[in-house]
Amino acid sequence: MNRGLGNYSDAIALPKLIKLGPNLIGAAFSLMKLVPARYILHKATETGQLEAGGKIVETTSGTFGLALAIESALHGWDLTLVSDPVIDAQFASRLAGMGARLDIVTEPAPGGGYQQPRIDRVEELLKEYPEAFCPQQYTNPDNPRSYAVVAEHLVDSLGAVDTLIGPVGSGGSMSGTARFLRQVNSDMLAVGVDTHHSVIFGQPDGPRALRGLGNSLMPANVDHSTFDEVHWISNGHAAHATRGLHRSHAAFMGPTSGAAYFVAAWHARAHPDRLHVVMLPDEGHRYHATVYDDEWFAANAEAPPDEPRTVGSPLEGLRDWCRFEWNRRPSPAELTAVGAAQ
Amino acid sequence: MTLLAAETTTTPRTTWNAPDRAEPAAPVGHGICGGHHGEILQGAFRVAGEEVRALITLPMPDKTAEATVRILPEPGKISVPAGKTKAAAAARLTLGHLGLDSGCEISLRNDIPASLGMGSSTADVVATIRAVGDSVGQRLPGAVVARLAVEAETAADSIMYPGSVPLFAHREGRILETLGPELPPLLVLGFKLDVAGIDTLEMRPARYTREEKARLGVLLAAARHAIGTGDPVLLGKVASASAAVNQRFIERPLLPELTRLARRAGAVGVQIAHSGSVAGVLFDAREPLRAAGAASRCRDELSRLGIDQAYLFSPYENYRQGGRQ
C-alpha cells in the first residue's frame, strides 16, 4: 500500500494497531471493506474491465457499499448500489453524498427477504449495461487476496502472530489475513466469530439480530479450513462488549468489533504466552441509535458469562455464547458425522 | 523504519566526479569484495506504486575476490586475465566514470566458487571497480559501485554494500530500502546442490501470479521486522517461504526433504540460492554453542542424503566487523 501521501482512502485503508492487553493487539479499521474494494477495483482497471468513468454495479447495504462509494467518488466511477428498504436513511444519504446511485428493490421474495430480488436486479442492470463491472465480494477470490496488505502491516509491526481472531461475514478478511500470516507462522490459530442462526459454520438458517457478520447464504470466499475454532455471539452480548471496549479502551467501534474483542480478550487471558491480534472492522458512527443509545442498550444488551459453553457440534440449537473446535475442517458438510457420533 | 534508497550510502559522499581531482594519486589500486550464498528473499515487490524485482542477499564474507589495478598510459588499453571480460568492462566503465583517459592492467585473485550463484563474477567486477577508484585515491560510494557493476554485468548482487542489509533491485542496480545495519545472528550450514549452475543473465525473470506477489509482499514485511528486531527465527521462516514461492520457477527437488530435515534439526529455516546451486540450513546463532551442536547433527543427516561437503559460515560476523572494502 502507498506509504507516501495519498487520498482519503489511501490514508485510512490500513488499520490502526491498538494495544488492548499485554498480549492482545486490536487491528482497528476505520472501514475494513476499503481493503477488498481498493484491490478489486484497482485490478479491474489494470485488466481493462473497468475504464475511466466506467460503471460499477453491486448489491450491498453494508460497509462494502460505502467502500465502493468512497473509491468511486475519488476515481470518478459511476456506481449503482442495489439495496432494499431496510437501508437506514443516514447511511443512504452518506452514499448519495458521494454520488452513488441507490437502486432500491421494493418487492421482497415470495418467501420473504430481499437477498434474491437484489441479486435479480443486479443481473438486470448488468444486462442493461454489459460493460458495467460487478465486484462480487462474496465470490471474488481477490477479496481474501486483498488482505495480504493487512498481513504485511501486521507482520511489519508485530512479527509473527500466534492467534488471529475476527468476525466472519463474507469470509474475505479472516480467510485472507490468516492465509498470509501463516506463511511466517504455519501454527497460527485462527478463531472465527459468528452469530446464532448463521449458516457459515453449519447452523440452520434463521433470523439474525447481530448484523455485519454471519450469513444466511454460504459465501464462496469462506475458506473453512482456515479456522481452528469458532465462537457464536448474540446481539446482546456483542452490544455489551462493544460498550465495554469503548469504556475501557476508548476505542469507538461497531458491534462486530465488540463481538470479536470479547472472544479475543477471553483467548488472550487463557493463553498469556501467545500474541493475539483481533480484527475490528468498523467504527461506531453507524450505531449511535442502537449500541450507543442508552435506551436501546438497556432493552437489548446483556452481560455475557465469563466462560463460553464448549459444544460438541454447531448443529445443536445454539443460544448463548458457544465455542466449537472447528479443527480446520474443509467444510460444514463434515459436521453431520461428527455431530451424530457425539 | 524505512530509509530511502537514494539517500543511503555506506561511505561518505565525496566530489568523486570532479575531473581535476581525478589525477592519478598512485598508479596502482587495490580492491576487495566478499562473496555470498544466494538469497534470503527474492521476488517482485511493489515499491511506491511500481513493481520491482529485488532480493536480499545472504553474504558469505570468508570467500573473497581481490583486484589489483595498474594504470597504463595508453588510452583504452585494458589487460585482464583470460576469461575475465566482465572485469575488463567494469574497469573501462570506471575509468570513464572517473574521467580518466588511460588504460589499465588488472590482476585478480578469487576463491569464491564460480558458477554456483555465489556472486563470484560480481565480486570480480566490484573488486575491480574499487581497485580502479583506489588507484586515484577514491573510495567510490556503494550506489556508484552498484550502478557500474550492473552496467558491466547486467544483473548483480548487493555485495557492494557492506555494513547494511539492502533490499536490492538487482537488474537496475539500486537499493529500494535499507532493512537494517546487519542480519540477525545466524549460523549457516551450506552445501552444493546437485543441480547445474544457472547463468544469471540467461534466466528469464520469473512470472509471479497475483497470489505469489501478495505472499512476497508479506515476506518482505516479515524480513523488515526480523532484521529490525534481530530475530533469526522469523528471518529463517522468510527464507524457507521464499524458497517455496520460487520453487515453481527453479525447482529444487530436494527442498521438501531439506525442509523436514531442518525442522528436525531445530534449524530456523532453509535458504536457497535462487539463481544458483547452493543451499543452506539456517540456525539461530544467539546461542552459538547450541547452534553449533544442532548444525553438527544436521551435517550428519545431510550426509545420509548424500551431501558430504557441507561447510559452516556466519554472515553476521561480516557485519559485526563493519564489513570489508
Side-chain angles (χ1 to χ4, degrees), chain A residues 1-7 9-10 13-15 17 25 27 35-36 38-40 42-47 140-162 164 172-173 175-188 221 223 275 277, chain B residues 1-5 40-41 43-51 167 176-177 179-180 184 208-247 259-260 262-263 268-270 284:
Chain A
M1 205 156 281
N2 197 340
R3 282 164 186 271
L5 278 179
N7 61 28
S9 168
D10 296 333
L14 285 177
L17 303 186
I25 304 293
V35 171
R38 289 161 60 91
Y39 188 88
I40 289 169
H42 180 76
K43 180 182 168 188
T45 60
E46 278 187 348
T47 56
N140 190 336
D142 285 325
N143 175 359
R145 187 169 297 139
S146 69
Y147 285 90
V149 294
V150 175
E152 265 179 47
H153 186 54
L154 291 171
V155 167
D156 197 330
S157 309
L158 306 171
V161 174
D162 298 315
L164 179 73
S173 62
S175 303
T177 309
R179 179 167 93 218
F180 292 110
L181 286 177
R182 279 186 176 143
Q183 278 202 108
V184 288
N185 182 10
S186 54
D187 300 330
M188 186 193 77
N221 273 336
D223 174 1
L275 175 64
V277 170
Chain B
M1 187 191 67
T2 308
L3 294 175
L4 283 180
I40 294 275
L41 173 64
F45 304 96
R46 232 179 162 75
V47 177
E50 249 182 287
E51 192 178 296
L167 175 67
L176 301 175
E177 182 180 337
L179 299 159
Y208 297 105
T209 62
R210 280 181 173 270
E211 178 73 13
E212 286 162 343
K213 287 181 211 165
R215 289 173 64 185
L216 288 165
V218 180
L219 295 182
L220 175 56
R224 200 180 283 131
H225 186 88
I227 293 164
T229 60
D231 181 348
V233 178
L234 185 58
L235 196 70
K237 289 187 166 151
V238 171
S240 299
S242 176
V245 171
N246 285 286
Q247 182 78 337
T259 307
R260 280 191 292 275
R263 195 175 266 244
V268 294
V270 171
D284 177 352

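Excluded from the calculations below are hydrogen atoms, water molecules and symmetry mates; all remaining heavy atoms, backbone and side chain alike, are included. Since this is a predicted model, take the numbers as computed values, not measurements. Here is the naming used below: chain letters follow the sequence lines, and residue numbers restart at 1 for every chain.
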>> Using heavy-atom distances under 4.5 Å, tell me whether A:Tyr39 contacts chain B through its side chain, its backbone, both, or neither.
In response: side chain
> A:Ser186, A:Gly159, A:Ala151: which one forms the most heavy-atom pairs within less than 4.5 Å of chain B?
Replying inline: A:Gly159
>> Quick one, B:Arg210 with A:Glu46, criterion salt bridge (Lys or Arg N to Asp or Glu O under 4.0 Å). Give me CA distance, side-chain angles, the key distance, then yes/no.
In response: CA-CA 12 Å; B:Arg210 280 181 173 270; A:Glu46 278 187 348; 2.6 Å; yes
> Out of curiosity, B:His225 NE2 to A:Leu158 CG, how far, rounded to the nearest 0.5 Å?
Replying inline: 7.0 Å
>> Counting heavy-atom pairs closer than 4.5 Å to chain A, which one of B:Gly217, B:Ala222, B:Ala241 comes out on top?
In response: B:Gly217
> Looking at B:Asp231, B:Leu219, B:Leu220, which one has more heavy-atom pairs under 4.5 Å with chain A than the rest?
Replying inline: B:Leu219
> Is a donor on one side and an acceptor on the other found under 3.5 Å between the side chain of A:Gln183 and the backbone of B:Arg215?
Replying inline: yes
> What heavy-atom pair brings A:Val184 and B:Lys237 nearest, and what distance separates the two atoms?
Replying inline: O-CD, 2.8 Å
> Residues two or more places apart in sequence or in another chain: which of them pass salt bridge (Lys or Arg N to Asp or Glu O under 4.0 Å) with B:Arg260?
Replying inline: B:Glu257
> Residues two or more places apart in sequence or in another chain: which of them pass salt bridge (Lys or Arg N to Asp or Glu O under 4.0 Å) with B:Glu211?
Replying inline: A:Arg145, A:Arg179
